[in-house]
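Chain identifiers are assigned alphabetically (A, B, ...) following the order of the sequence lines, protein sequences preceding nucleic acid strands; residue numbering begins at 1 within each chain.
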Amino acid sequence: MEPLPKAYQHKDIESKWYRHCLEHRAFEVPETSSAPTFAVMMPPPNVTGVLHMGHLLNNTIQDILVRRARQEGKRVLWIPGTDHAGIATQTKVEKVLAKEGLSRQALGREAFIQRVKAWRNSHGDIISQQLQKLGISPAWEHKVHTLDPDYSRTVLHGFVELHKRGYIYRGKRMIHWCPISRTALSDEEVIMKPQSGFLYHVRYAVVETVGAFIEVATTRPETIMGDVAIAVHPDDERHRALIGKHVHSPIFGATILPIIADTAVDPTFGTGALKITPAHDRVDFEIGQRHHLPFIDIFNPDATLNNLAGKDFEGLDRFTAREKVVQFLEQRGALVKKFPHEHHVGFSERAGVPIEPRLSEQWFLRYPQIEKAQKVVQESQIHFRPQRWVKTYAHWLDNIQDWCISRQLWWGHRIPVWYPKGGDRNDLSKIHISIDGPPDPENWEQEEDVLDTWFSSAFWCLGTLGWPDRERFEPYKCFYPTNDLVTGPDIIFFWVARMIIMGLEFLVGEKGDEGSIPFRNVYFTGIIRDAKGRKMSKSLGNSPEPLELIEKYGADGLRLGLLSMAPQGQDVLFDETRIEQGRFFCNKLWNAFRFRQTHSFDPKENRSLETILRRLRPKYMGSAEHFVLSRLLETNRNCEQALADYEFQPALLQWISFFRNDYCDQYLEISKTAHEESHRTTTLAVQDFILRQLLISLHAWAPFITEELWQASGYSPYKTLLMQTHRPTSEELIEQLQSYGIVLSPTSVQEVHSLLQYLNALRALKARCGQASTRNSHVFYRTQEKERANVIEGSLPILLKMAGLKHCQRVEEALELPSETESEVTFFLDIAHPLDAETERHRIRDELSRVEKLIQLNQQKLKNPDFTSRAPAKAIEGARELLAAHLKKQSELKALLQNL
RNA sequence: GGGCGGCUAGCUCAGUUGGUUAGAGCAACGGAUUUACAUUCCGUAGGUCGUAGGUUCGAGUCCUAUGUCGCCCACCA
């Protein structure tokens with residue numbers, strides 16, 4: 001056996017075990033098995049994206065879930081993948097083309113798509129390699145990309161079917177138009193941002209009454225050229241007389257606009273008069289329709305003005321045009337006033353520019369299964385964690401609007417609709433819709449638009465399993481519904497809700513709703529922010545580089561640190577020192593094994609739980625052994641309980657604290673004082689027993705170091721991986737111990753608790769008197785209780801060694817020495833220098849007053865008849881015991897004081 | 001405008017169904033170390049739980065109001 005190096009070196013160990021797992025296909029789904037299935041679908045990152053902090057948290061959590069499921073003997077399938085990110089990728093490639101003086105139009109559709117593919121293949125999938133560094137364990141051989149041929153067929157099938165069922169339709173509607181990407185967007189892709197702009201009051205001359213004007217308030221004077229009317233509220237006294245009359249356009253004097261009445265106008269806003277520009281505003285569009293007004297679109301697709309805006313403005317950008325129109329109005333005296341105005345403007349999420357409402361032909365989805373989608377979440381067939389997101393989800397479904405699914409892009413799934421060549425596209429009876437297209441393609445032209453990327457990811461839980469292809473789906477059907485989905489709440493509408501809807505719509509069958517939901521649990525992670533709570537962003541430069549973190553702290557250190565600072569569903573304020581703590585923890589774990597191996601260590605004796613248990617002799621089990629094993633079982637139980645509720649952080653902290661405090665600082669230190677050879681075998685076996693369970697339990701968080709130590713300690717003679725090893729429950733461990741004659745004694749555990757309390761008192765006493773000068777000092781103790789004295793006498797060597805003292809002797813009287821009273825025992829420390837009686841008196845008086853306050857508090861409580869009659873017996877009993885304990889302490893402190 | 005979440009020690013957070021003297025980690029300060037680990041260990045100090053009311057024998061925990069920060073949703077031009 002090679003001795004372990006002094007410090008844990010993560011680099012070689014990580015790559016060694018990851019390679020091993022890949023070579024042995026350990027992450028792939030077991031071929032056939034009767035074991036219960038467990039499936040997780042990785043939220044597909046953008047194929048050309050790079051790893052960021054959010055991925056780390058998200059994937060670590062998924063990895064914990066699947067590794068633990070494997071330890072439970074389940075047949076696990078974790079499917080990784082990437083998505084094609086239509087708009088983002090196309091935009092990126094178009095920028096590259098622009099630098100070469102090219103455009104996608106100049107290149108043509110086919111050539112352009114080839115360019116994007118080439119770009120994707122060279123820049124793409126870096127993220128999968130980066131994720132491997134994190135040590136996650138998805139079935140890489142099963143990786144899916146949304147534009148893979150098989151997956152594409154899933155998406156197109158979905159489209160064709162939804163159309164057949166009447167949920168997809170084509171229509172001319174007002175949509176959100178992104179002038180940068182030059183495509184329609186869904187409502188979800190538009191984010192409202194507060195903007196400080198101006199509100200302009202413009203006056204329009206009334207035709208019928210010379211010298212009369214109507215004043216209109218607008219934030220967008222550049223759309224005046226598209227005006228078709230002025231609207232006022234029918235009940236608005238100020239304007240009533242003008243209804244039915246006309247005005248001159250302040251830009252085009254010759255243009256005459258009617259003044260109409262419509263209740264959509266808010267008389268309390270601005271001047272109470274609204275200019276109507278149906279082509280460029282949703283409300284105006286509706287008013288225009290109601291009043292059969294014309295529709296004048298003055299914008300080009302890139303939001304520059306077209307010829308309908310007139311010679312003066314044609315070709316200008318919308319914001320330049322705004323300034324020019326204002327100037328124009330000013331010169332003509334039509335601008336009454338202009339003042340700052342705060343309002344909200346819809347921005348394109350991707351391109352970051354204000355969107356334009358625009359009327360155009362698009363494809364829409366009327367969502368199916370809305371009611372069921374509500375129900376399955378309300379009734380927790382799909383369980384959201386944290387639960388509060390249920391409300392957000394429900395609110396969205398309650399106010400759901402049809403989804404614009406067509407995009408005027410080339411990179412994506414081209415809509416499988418064909419129109420007769422040269423025919424009328426609006427004659428829906430003549431169109432062809434199928435996955436493979438018409439048999440005589442020469443007579444047809446395919447729809448140019450592609451589908452929203454989110455439309456394709458709505459089928460993620462179906463397509464990754466091979467649906468709807470019967471042959472491919474059959475072997476994977478058993479993984480549906482999947483178990484856990486781990487994702488961010490920001491895509492609750494974009495993705496989670498839509499997957500639920502598609503599952504409910506398409507996977508109906510034997511199991512009803514229960515069988516059609518795509519997953520049973522959704523765990524929403526928080527967002528990782530910087531230490532100041534700001535979002536991580538490139539421009540702020542506040543995002544650490546994940547790969548550098550792995551390099552510096554190791555994947556295990558990073559995972560442990562990250563999870564230790566991530567409360568359930570709350571945003572995480574990133575703090576690199578926590579990651580460092582994770583690395584420190586790994587090193588301590590490493591050294592606990594080094595320590596173990598310095599003592600008659602033979603890996604063969606660890607080959608199974610039985611070989612360890614056989615070495616445990618009940619009669620040599622001291623109270624420390626009872627204590628530490630009890631704590632192990634308790635920790636294990638608490639951890640399992642926390643994880644059942646998806647409380648990852650508390651679960652981990654349980655183990656960290658057990659390992660550091662109970663195992664290392666207390667148990668190992670105590671065991672160092674045990675010198676008898678007979679005890680030692682048992683002590684070492686207890687260590688092996690604990691370390692074994694520790695590795696199994698921590699493996700999901702820290703896969704690499706645990707695997708290395710697992711193998712190095714001989715726990716796995718047949719090279720079975722830790723994640724394939726059964727993880728015993730506390731109940732199983734209790735049974736195992738019992739079958740070897742070991743029953744943990746609560747009395748022994750209590751004894752150690754007392755011992756630790758006394759140890760703490762002694763250490764505090766020493767620290768107070770000056771550590772160095774009290775090294776190997778004598779200590780005296782006094783107590784009225786025989787049992788207390790027994791505890792102390794029984795563990796004297798431990799107490800003295802761990803406190804760094806030499807002798808301990810019982811006395812009857814209070815001594816004139818510095819003292820510390822704890823649990824009915826007072827310790828006196830024999831110090832070389834004379835006692836500063838005044839300081840000591842002061843200390844005791846302080847403590848006395850504290851104790852007396854508590855005595856009073858409990859006395860009052862017990863005197864209160866309302867308390868004694870209404871409080872539960874447990875609370876009353878507790879108060880009595882407390883009072884008694886405090887009274888004892890009070891008399892002891894008084895005696896000490898008197899003696900000084 | 002509607003909804004949600006946070007507000008507990010200098011910082012980051014725990015605090016389960018209301019019940020003993022409100023906890024932990026980090027930071028601070030003081031110390032230790034001849035069977036692993038200074039990437040260690042021990043100890044000390046530090047909060048009255050955003051504010052104000054209320055319910056209750058008893059409230060960080062329940063109710064009402066309010067402040068504040070953040071997020072989501074929403075077509076007032």
Side-chain angles (χ1 to χ4, degrees), chain A residues 4 6-8 174 191-192 199 216-220 231 264-266 268-271 273-277 281-286 341 343-344 346 357 386 388-389 391-392 395-396 399 489-490 492-493 527 529 531 533 557 564-565 567 569-573 575 577-578 580-581 583-599 641 645 649-650 653 656-657 660 664-665 668-669 671-672 759-760 763-768 770-772 775 802-804 850-851 853-854 857-858 861 864-872 874-879 881-883 885-886:
Chain A
L4 296 173
K6 187 169 170 169
Y8 173 55
M174 280 304 254
I191 44 173
M192 300 306 283
L199 192 62
V216 164
T218 180
T219 55
R220 301 202 61 190
V265 180
D266 177 1
T268 65
F269 185 89
T271 61
L274 177 63
K275 70 183 203 60
I276 303 301
T277 321
D281 185 281
R282 287 199 163 198
V283 177
D284 292 10
F285 177 74
E286 283 163 24
H341 178 63
H343 61 141
H344 288 255
R388 65 186 139 91
W389 295 110
K391 265 196 179 174
T392 309
H395 182 258
W396 183 75
N399 298 284
D490 50 330
I492 208 165
F493 316 134
I527 297 169
R529 301 172 173 278
S564 76
M565 65 174 135
Q570 211 91 279
D571 287 355
V572 179
L573 299 198
D575 176 1
T577 64
R578 296 291 287 267
E580 198 182 22
Q581 296 295 317
R583 182 167 76 92
F584 293 170
F585 180 84
C586 290
N587 190 60
K588 193 162 176 72
L589 187 65
W590 186 260
N591 273 285
F593 279 82
R594 274 186 71 216
F595 177 65
R596 170 63 190 89
Q597 296 191 6
T598 55
H599 298 80
Q641 181 55 54
D645 297 331
Q649 187 200 29
L653 295 180
I656 292 180
S657 141
R660 297 197 91 103
C664 292
D665 299 343
L668 287 188
E669 291 308 317
S671 76
K672 283 179 188 174
L759 178 62
N760 190 271
R763 281 169 166 171
L765 183 57
K766 269 189 72 174
R768 187 147 57 80
Q771 292 278 7
R775 182 180 313 150
M802 288 178 79
R850 201 174 60 84
V851 169
K853 227 180 262 168
L854 292 170
L857 201 123
N858 282 289
K861 224 185 211 181
N864 185 348
D866 287 328
F867 176 71
T868 46
S869 63
R870 295 190 204 187
K874 210 176 123 195
I876 298 168
E877 193 48 39
E881 278 168 20
L882 260 178
L883 181 60
H886 286 137

Quick one: which protein N/O atoms are closer than 3.5 Å to N/O atoms of nucleotides 4-10 of chain B? Pair and distance per line, please.
residue : atom : partner : partner atom : Å
B:C4    : OP1  : A:K391  : NZ           : 3.0

Note to self: Check whether A:N399 reaches the backbone of A:H395 with its side chain - one donor and one acceptor, N or O, closer than 3.5 Å.
What the structure shows: yes

- Query: Do the numbers put A:K588 on top of the ring of A:Y8, so that NZ or CZ is under 6.0 Å from the six-membered ring centre and no more than 45° off the axis?
  - Reply: no

Give me the distances for all protein-to-nucleotides 73-77 of chain B N/O pairs that come in under 3.5 Å?
residue : atom : partner : partner atom : Å
B:C76   : O2   : A:D266  : OD2          : 2.4
B:C76   : N3   : A:D266  : OD2          : 2.7
B:A77   : N6   : A:D266  : O            : 2.8
B:A77   : N6   : A:F269  : O            : 3.1
B:A77   : N1   : A:D266  : N            : 3.1

At under 4.0 Å, does any side-chain N or O of A:R660 touch on OP1 or OP2 of B:C41?
-> yes

Separation of the C1' atoms in B:A32 and B:G19, to the nearest angstrom = 40 Å

Quiz item: Any side-chain donor-acceptor pair under 3.5 Å between A:R594 and A:N591?
Solution: yes

Whole-Å distance, A:Q581 CD to B:U12 C1', equals 12 Å

Checking B:U40, B:U21, B:G19 against the side chain of A:K588 (C-beta onward), the nearest is B:U40

Ignoring hydrogens and geometry, is there a side-chain-to-backbone donor-acceptor pair from A:R578 to A:S564 under 3.5 Å?
yes

In whole angstroms, the gap separating C1' of B:U21 from CG of A:L854 amounts to 5 Å

- Could you walk me through whether A:D490 and A:I492 pass side chain to side chain contact (heavy atoms under 4.5 Å, CB included), step by step? CA-CA 6 Å; A:D490 50 330; A:I492 208 165; over 6 Å; no

Whole-Å C1' distance, B:A45 and B:A28: 9 Å

* Asked: Can you tell me how far C1' in B:G67 sits from the matching atom in B:A74, rounded to whole Å?
  -> 25 Å

- Query: Within the modelled atom types, does a donor on one side and an acceptor on the other bring the side chain of A:R850 and the base of B:U21 under 3.5 Å apart?
  - Reply: yes

Query raised in the report: So does A:N760 get a side-chain nitrogen or oxygen closer than 4.0 Å to the phosphate oxygens (OP1/OP2) of B:G43?
Result: yes

* **Donor-acceptor under 3.5 Å (A:D571 side chain, A:I527 main chain)** => yes

Taken to the nearest whole Å, CG/A:D575 to P/B:U12 is 10 Å

Query raised in the report: A:V572 versus A:R529: any side-chain heavy-atom pair under 4.5 Å?
Result: no

A:R529 has its side chain closest, among B:U12, B:A36, B:G70, to B:G70

Of A:V572 and A:R594, the one whose nearest nucleotide on RNA chain B sits closer to the 5' end is A:V572

- request: Between B:U66 and B:A22, how far apart are the C1' atoms? Round to whole Å, please.
  value: 25 Å

If we take the C1' atom in both B:C4 and B:C76, what is their distance in whole Å? 24 Å

Checking B:U39, B:U12, B:U35 against the side chain of A:A7 (C-beta onward), the nearest is B:U39

message = Is there a side-chain contact between A:L274 and A:D284 in this structure, where contact means two heavy atoms from C-beta onward sitting under 4.5 Å apart?
response = yes

Check your understanding: For A:L653, which contact category applies under a 4.0 Å heavy-atom criterion: base, sugar-phosphate, or nothing?
Key -> nothing

Determine, step by step, whether A:L199 and A:F269 satisfy the side chain to side chain contact (heavy atoms under 4.5 Å, CB included) criterion, reporting the C-alpha distance in whole Å, the side-chain angles of both residues, the deciding distance to 0.1 Å, and the verdict.
-> CA-CA 11 Å; A:L199 192 62; A:F269 185 89; 4.2 Å; yes

Regarding the side chain of A:F595, the nearest nucleotide among B:G19, B:C42, B:U35 is B:U35

Rounded to whole Å, the CG-C1' distance (A:L759 to B:G43) equals 11 Å

Between CG of A:L589 and C1' of B:U40 the distance, given in whole Å, is 15 Å

(Q) So A:F493 and A:T392, do their side chains get closer than 4.5 Å, heavy atoms only? (A) yes

* Asked: Counting N and O atoms only, with roles assigned by atom type, does the side chain of A:K766 sit under 3.5 Å from a partner on the main chain of A:A803, one being a donor and the other an acceptor?
  -> yes

For A:H343 and A:H341, take the angle between the two ring planes, folded into 0 to 90°, and tell me which bin it lands in: parallel under 30, tilted 30 to 60, perpendicular over 60. tilted

Practice problem: Classify the nucleic acid contact of A:K6 as base, sugar-phosphate or nothing, counting any heavy atom under 4.0 Å across all strands shown. | Solution: sugar-phosphate

Quick one: do A:K874 and A:E877 satisfy salt bridge (Lys or Arg N to Asp or Glu O under 4.0 Å)? Show the steps, please.
CA-CA 5 Å; A:K874 210 176 123 195; A:E877 193 48 39; over 6 Å; no

Checklist entry - Base, sugar-phosphate, or nothing for A:A764, non-hydrogen atoms under 4.0 angstrom? => result sugar-phosphate

For this session: Could you measure between the two P atoms, the one in B:G60 and the one in B:C7, and give it in whole Å?
Result: 15 Å

Ranking A:T577 and A:R583 by the position along RNA chain B of their nearest nucleotide, the one closer to 5' is A:T577

Next item on the list: Test side chain to side chain contact (heavy atoms under 4.5 Å, CB included) on A:K672 and A:E669 and set out the steps.
Entry: CA-CA 5 Å; A:K672 283 179 188 174; A:E669 291 308 317; 3.0 Å; yes

message = If I pick the C1' atom on B:G46 and the same atom on B:U8, what distance separates them, to the nearest angstrom?
response = 13 Å

Rounded to whole Å, CG of A:N591 lies from P of B:U40 at a distance of 10 Å

Dot-bracket for RNA chain B, 5' to 3', Watson-Crick and G-U pairs with both distances under 3.5 Å, [ ] for crossing pairs, | for partner on another strand, reads (((((((..((((.....[...)))).((((((....).))))).....(((((..]....))))))))))))....

**OP:** For A:P872, report the nucleic acid contact type (base, sugar-phosphate, nothing); a contact means any heavy atom under 4.0 Å.
**Re:** base

Considering only the C1' atoms, how many Å lie between B:U64 and B:G70, rounded to the nearest integer?
-> 24 Å

